[in-house]
Structures are given as structure tokens and as C-alpha cells.
Amino acid sequence: MLQPPSSSNTVTPYREVTLAAIVSGVLIGVGMTATFTYAGMTLGFSTSGSTVAAILGWGVLRGLLRRGTIVENNIVQTIASSLNTTAGGVVFTVPVLLLLPDVEFNFWQVTAACVAGAILGVGFVIPIRKQMIDIERLLFPSGTAVATILRSPTEGIAKARLMLFGALFSALVLVLKNMDKFPGISKSLPGTVDLGSWLHLPPYIAMTVSLSLFAVGIGFIAGRNGLFVLAGGAVSYWVITPLVVAFGWGPASGAFDPATVGDMIHSETTRPLGIGMLLGGALMGVVLTFPAIKAALSSLKSTPSQRNGDREGAVAGEREEMPIGVLYTSVALALVVLFFVTLSGLGLGEDPIAAIVRSLVVAIIGSLWLWFSGVIIAQATGMTDWTPLSGLALLAVVVLLYLTGKSVVPAIVVGAAISVACSLSADMMQDLKTGQLVGSRPASQQLVQLVFCGLGPLVAMSVMMLIWKTGPGGQGGFGPGTDIAVPQADALRAVIEQVRTGQMDWVRYGSGAMVGGLLSLSGLPGLGVIVGISMYLGLSIILPYGVGAVARETLQRAKGIEWCEAKGIPLAVGLIVGDGLTTLLFALLTVLGVLE
Amino acid sequence: MNSPIASYVLMTVGAVLALVLAAGPLATSLVFQLLFGAALLLLTFGVVMRRLSARKDALAGSADGEIRQALEALKSLHLALQQTVSECISIEDMTRFHGLVQAATQPPARDFLRFRQSLLDAYGFKFFAELMIHFASVERAMNRTLSASADGAGEEARACLLQASQRMEHCLAALHRFKGLT
């Protein structure tokens, strides 16, 4: 049971960055990183841990230590999620290095690259905070949900009840969906419902709905943006796919299997178009908001007193934003690491000058790509809560393969750094959104994230190596044919083969980029990015997400905005929390061998 | 058909058509390439129409429309902050303090956010960005006030409320400096 602070009017400094917050954040983060690394390698996906970290943070601060403030718990979840988020970036890319034959794997080289990526990911988003949070006011549904959780002990019993009800219902549904994982139980609630077969539609017209209350909750918080995602998904799966089949284009040319052609069209046609739209939409967004980014950089250079005319941080004598020097230093350090990692991967060979120049080019272009990907990921997450990490990581590895002369090791190692950076960028922005909503100082959050983000890759890499060494002869603990299939790494391996054989479909990426860029020029913020992500995602997850968005819009019209914020949001947050906590529990039970 | 609806129709048709064509043999067929170009042109027309009509609507509605409501909301927030500073600064009961601040500041802040898009459409990005950065600074101080008062940290809550009020002055000054809007 959470306890309120004992004093009603304290004269002690307001607790924010404290030893208790740091230790709690690190411990919760390490535990969650280890768990999500294993889950990601087994299931092929990871999940954001911010909501879970916020709940656990309250448990530790107020439940165990009997103290703790809202902004202090925000620091706990900021640290914990910065560790746990990196697991996705590591799991998606690094296992390929162990799975590919004749590749020398250097643990410390890869870890250093991932740590550099983590630092770059945090450093690069500092100047775009104002653009995304202050000016565009992107929703960051998970960040909004975390703020609701952080404020929950003081928001009244009615909201707490709604949140609890949502969490219990969501947890119950997830348990029922996974009953067959318990020993001796063979039946469970289906994870998806195939409406297409009920309606006797051809199998390539997807209409499968995932029974994901998490997606419903996120869609409810996203609101109107969710409607655009739904519309984009409908165009992708119900207009483009049937037309591709009808005209016999691409994967539908010649003989094809109607049961699998829909998936093939998604992976070969609509998904690249969606990634292209993301790139074009985000690039246009950067161009349009360049004055804000420039102003943000100038603001970082100025002293606190010069900025708003008042003495910001007057209470605790702290500044609101990190000084620009921290950004420059972290970027320079990370660049150096990426340069040496690439150089050691390429080797000096017969022409050392060429190798050094190539490594320098890879480090610089890799860093620029990393910044751009970070912007895309942060924007997509801010608008929809979905992170197109795997698509952008694939594209990064492809670009790097060309830059390194198709040398696999440095391409994947730097690609891993970019993956980690992208996931950190999205997490940092989510955390800063939470901070805005609860009144945290951005500088405090940026500082703790910058200091501790390197721990995440270290933990994730250690867990991965531990699993690898459980195989016969101390290797081969995961991969095809084992219980831990690392499906995403397998996808990466397929793309590497495409590049080697020159089969990359650049036309689709380019044409998607043009459409995405034009849509983003419309004055409807980020439209190109939103539609792009809808073509990137699977329809089974878009539909429940759309249900949440439609429910929000309908209830908002019927009952008003205030009603939705007072009743709907806590319920939606409950659905997200229940799913997150139960997923973590299931992952833990799987690690312990209790579940199959 | 009025121009906002026409712009949305053009944008939708152009974008869907372009995506359908891009899913076909765009790389090898000249016909597809020409049609794709035409679809992009359609989309571009829609985008330009959308921007022009949004600007026109925003300026036309400035007398009693959304711009006015946005500006009224900012003035109400300014007033609410001044009043809560004078009323709440001596309140020791943090639960009461929290309730008063929340009730006074949240409705005008919400109203401003609801109508802010009209300011972007009417006056452009530079003005809008500057205003929103000032507003976000006020909002963060207000949110910290609420967090601190909910945690029972009276000294911090009062200091942040004062800070929010000071920042609001700067927000209004920016409004006046850029467009003479008050």
C-alpha cells in the first residue's frame, strides 16, 4: 500500500535526483533489461518498460523506503527505462554476428559500440526536445500514461479504482491468452481473431485482430492520430494488397500461395513504402522545424538567466537544460568510439589510409544517420507510440554495408549502435514528456539518462552471451533450431543476403519518401510519419489500436474532453499497466523455467 | 465543394493513387512513372490548397474565432496565476493549495491548447514556436507546483507557483512583441 509523505509542509529541499532514486532505478533497470533481453530473443519483440518501472518505483520509494516524491519516482523510471530500452536494439542486431559463420565476435568491441550508441541516442535528442514536446506537443502515449501513474497516489480514489480495474482486466485477458504455457494446460484464449475467415474474404485480405488490450489503451491515449493510423492501415491492407494481387504485381506475379502472398506483399512492397514514407515525412518535418531546432541549440548555448528572462531553476539553483558542452562532448566521444570500432572491424589491410578514411566516413555518416533515425523514431513514438526500430535498423545496416564495402562485421556493429541509439532516443523523449507533465527539470532527466544509459547494453550483451554459452560446447545457445529462435536477427540475416546479391528495392523506399514528404507539408503535423507507420505495422495490431482511437473520439464527442481525461485515460493506463506487468511476470516465469 | 474538403479529397486521392502505383512495376514501366508523377502533382495541389485554406480560415476567424479564444485563454491563465499567487501563497494546507491551483489553472491552460492550432495557421511557425516554448515553460512550472503540493512540499510548491506566474508575464510579453496581440 502506498503511503503519502508524513509531513504536510516540509522545509527540506524537494526530492528529485536522490541516491534512493538512482539505486532503485539502476536495480529495477538491470532486472528488467535481463528479462526483456531474454524475452526479446525468444519472442522476437520487446516492450517499453517505463510504465512497469514507474509502478515498481512507487513500490520501492513509498512501499519500502516510506518516502519519495512524484519527480523522484520520475527519475527512477527514467533510469530504469533507459537501461531496459536498449535490450531491443541489442537483441535485434548483435545475435547475427554469432549466427553468421566465419565471423570473429569481439564482446568488448560490440559492447563499446552499443554504449557509444546509447550516449549518442541521448545526446542527439537534447536539441529536439523543445520541438517535439514544447512546440509540437506530441502525445507520447506511454509517456502520458507514466505521468498518470506517477500522479496516481494523489489523484483520488476514483481514478485509482479505474486504473486498477483496467490493470486487472488486462492482466486477466493476457493470462487467459497464455494458459497453454502452463504445464498440463493445453487450451487458452486465442491471441487473435480472424474476422476475414468469418466474412469469407480471400486469405490475402488481412482482417485478423489481435486481442491486445495494451494496443487498445495506447490507441485511446493517442486519440485522433490513431484514426490516421487506422486509415493508413486500411489503405495498405484493404486497397493496395488486393490490387497488387488482382494485377499480379511483385510477389503476386506468376503462381502464388493465397495464404502467404499477403505477408509477402507486406514485407516486399507496402512495408518498404511505409519506411520510405517515414523517412520522407520525418525529413520534411526536420526541414519545416529547423528554425526551432536552431533556436533550441542557441538556447542550450545561453546561460539560464539569459533564456526566459527569469531565473529558471530558482528553487534548487539548477538549470532547466543541459549545457551544450555536454552534448558536444558526448557526441565527440561516441564518434571516436564508432571510428575505432569500424577501423578494428575493417582492419588496416594493405592500404591503411583508405581504411582510416572509410572508417571516418562510416563514423560520420553513421552518426548523422543515427541522428536522423532518432528524430524519426522519436516523432513516430510521439504520435502513435509505435517504434519502427527494426525497419530503420535494417536500413541502417544496409547503408553501412555499402559504406564499408559490404564488410559485415563493422556494418552490424555500427548498426547495433544505431539501433541502441534509436531506442534510447524514443525512450528519452517519452521520459521528457512525462517530465513535462509532472514538472521535472529536463536537465535532471537528461543527466541521469546520459550517466546510466551505458549500463543497459552491458547487461543485455552479458545476458545474450550467457544464453549463447548454454549451448553444446559453450556456444550455439540460440538461433534457428533451438528454443530461442532470435527471429529478428534472422530477418536481418535475410536482408544482408539481399544486399550481397544486389536485390534492394530502392524505388519503393524513394517513392514512399516522396509521398511521405508531401503529406508532411500539408500543415497537419507529421501526417507523412503517421501514415508511414500504419503501412509499416501489422494490421492485427492496428485494428485494436484503432478501436481505442475510435472509442476516444466517440466518447469525447458524447461525454466531453474532461470526462475522457478523468475516466477514460486512467482506464486506458490500467490496460497498459496490466499488460506490461503481466508480460514482465510471464517473461520472468519463462526464465525460471516455470512456463513452457 | 468548399476548398478545405476539396483539398482533403485531392490529398487523399493523390496519396492513395501514388502508393498504389508505387506498389506496381514503377521501376520498369514509363506509364507507371508518368502516372506516379501525376498522382504526386494531385497530392501537391491538395497540400497547397490545404495550407492556403487553413490560413485563410484562421485569419478570417480572428475576430471572434479560435484565435480570439486562444488569446482569451492565455489572458485567463495569466489572471488565474496572479490570483492564486495572492490567495495561496500563505496557505499551509497543501491539499487545499493543490486543489485551488488545479481548479484555477487547468481549464484556461486546456482551452489554450485546444485552440492553439489557429495561431500556427494564421501567424506562421516562428511566432508559434516562440509562444509555445514560453507556454511550455509556464506549464512545467505549474505542473511542478501541483506535484510538489501533492507531495506536501510547501516551500517548493509556493516557489514554483511564483515562478509560473513570472513566466506567464514573459509569455504575454512575447505575444505582444511579435504580433501586438494581447
Side-chain angles (χ1 to χ4, degrees), chain A residues 4-5 7-15 69-71 130-131 133-135 137 151 153-154 235-236 239-240 243-244 247 249-250 265 269-270 273 288-289 291-292 295 308-310 312 314-315 320 435-440 505 507-508 511-512 514-515 518-519 521-524 531 535 561, chain B residues 7 11 14-16 18-27 36 40 43-44 46-47 50-51 54 92-95 98 110 113-114 116 120-121 125-126 128-130 132-137 139-148 150-156 159-160 163 166-167 170 173:
Chain A
S7 168
S8 64
N9 184 12
T10 174
V11 290
T12 53
Y14 190 42
R15 297 171 63 87
T69 66
I70 292 170
V71 291
K130 282 186 194 245
Q131 178 210 333
I133 291 174
D134 291 1
I135 301 167
R137 296 188 68 87
R151 292 189 303 230
T154 57
V235 168
S236 172
V239 176
I240 296 176
L243 285 175
V244 168
F247 290 115
W249 295 334
I265 291 170
T269 307
T270 49
L273 276 173
L288 289 174
T289 56
N308 279 347
D310 66 342
E312 292 197 19
V315 178
E320 293 258 314
Q436 170 75 16
L437 294 174
V438 299
S440 283
D505 193 352
V507 173
R508 297 234 156 72
S511 49
M514 284 188 227
V515 177
L518 279 171
L519 284 176
L521 266 178
S522 66
L524 298 168
V531 180
M535 296 187 68
I561 293 175
Chain B
S7 69
M11 277 167 56
V16 172
L19 290 170
V20 168
L21 291 163
L26 189 65
F36 181 74
L40 286 187
L43 174 56
T44 309
V47 165
R50 154 78 183 85
R51 289 195 77 108
E92 291 295 319
D93 178 359
M94 279 297 112
T95 308
H98 182 89
R110 200 180 290 135
L113 292 174
R114 194 180 301 167
R116 72 186 188 280
L120 173 64
D121 288 335
F125 184 77
K126 191 169 182 245
F128 181 73
E130 195 73 32
M132 289 309 294
I133 288 172
H134 278 290
F135 176 78
S137 173
E139 185 192 35
R140 196 163 49 251
M142 288 191 320
N143 288 339
R144 195 174 176 89
T145 306
L146 291 172
S147 291
D151 287 325
E155 191 183 327
E156 177 81 7
C160 288
Q163 200 173 39
Q166 287 166 352
R167 289 181 185 183
H170 295 294

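So you know, we letter chains A, B, ... as the sequences are listed, proteins then strands, and number each from 1. Please read these numbers as outputs of a predicted model, since none were measured by experiment.
Formation of a donor-acceptor pair under 3.5 Å by the B:R144 side chain with backbone atoms of A:V438 is not found in this model. Under a 3.5 Å cut-off, the side chain of A:Q436 and the backbone N or O of B:A136 do form a donor-acceptor pair. For the pair A:D134 (side chain) and B:S137 (backbone), a donor-acceptor distance under 3.5 Å is absent.
Contact of A:I561 with chain B is made through the side chain alone, with heavy-atom distances under 4.5 Å. With a 4.5 angstrom heavy-atom cutoff, B:L43 touches chain A only via side-chain atoms. Heavy-atom distances place the side chain of A:L273, and not its backbone, under 4.5 Å from chain B. Only the side chain of A:L243 comes within less than 4.5 Å of a heavy atom of chain B; its backbone N, CA, C and O stay farther away. The contact between A:V244 and chain B is made entirely by side chain atoms (from C-beta outward), counting heavy-atom distances below 4.5 Å.
A salt bridge between A:R137 and B:E139 is present, with a side-chain N of the basic residue lying under 4.0 Å from a carboxylate O of the acidic one.
Listed options B:A15, B:A148, B:A18, B:A27 were ranked by heavy-atom pairs under 4.5 angstrom with chain A; first place goes to B:A148. Across A:L518, A:V507, A:T269, the residue that shares the most heavy-atom pairs under 4.5 angstrom with chain B is A:L518. Annotation: maximal heavy-atom pairing with chain B below 4.5 Å, among A:I133, A:I265, A:L437, occurs at A:L437. Chain B forms the most heavy-atom pairs under 4.5 Å with one residue out of A:S236, A:S440, A:G250, A:G435, and that residue is A:S440. Options B:L21, B:V16, B:L113, B:T44 differ in how many heavy-atom pairs under 4.5 Å they form with chain A, and the most are formed by B:L113.
The shortest heavy-atom contact between B:F125 and A:I135 is CE1-CG2, 4.0 Å. Pairing each heavy atom of B:A153 with each of A:Y14, the nearest pair is CB-CD1, 3.5 Å. In terms of heavy-atom proximity, A:G439 sits nearest to B:N143 at N-CB, 3.7 Å. Between A:L521 and B:R51, the shortest heavy-atom distance links the atoms O-NH1, 2.7 Å.
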### Message
One pair to check against side-chain contact (heavy atoms from CB on, under 4.5 Å): A:T69 and B:S147. What are the steps and the verdict?
### Response
CA-CA 8 Å; A:T69 66; B:S147 291; over 6 Å; no
### Task
For side-chain contact (heavy atoms from CB on, under 4.5 Å), just list the numbers for B:M11 and A:S522, CA-CA rounded to whole Å, side-chain angles, deciding distance to a tenth of an Å, and then say yes or no.
CA-CA 9 Å; B:M11 277 167 56; A:S522 66; 3.6 Å; yes
### Query
Hey, mind stepping through A:W249 and B:V20 against side-chain contact (heavy atoms from CB on, under 4.5 Å) and telling me if it holds?
CA-CA 11 Å; A:W249 295 334; B:V20 168; 4.2 Å; yes
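Between A:R15 and B:D151, the closest side-chain pair of non-hydrogen atoms is not below 4.5 Å.
Separation of atoms CG (B:L26) and CZ (A:R508) is listed at 8.0 Å; rounding is to 0.5 Å.
Annotation: ring pair (Phe, Tyr, Trp, His ring centres under 6.0 Å) contacts of B:F36 (sequence neighbours excluded): none.
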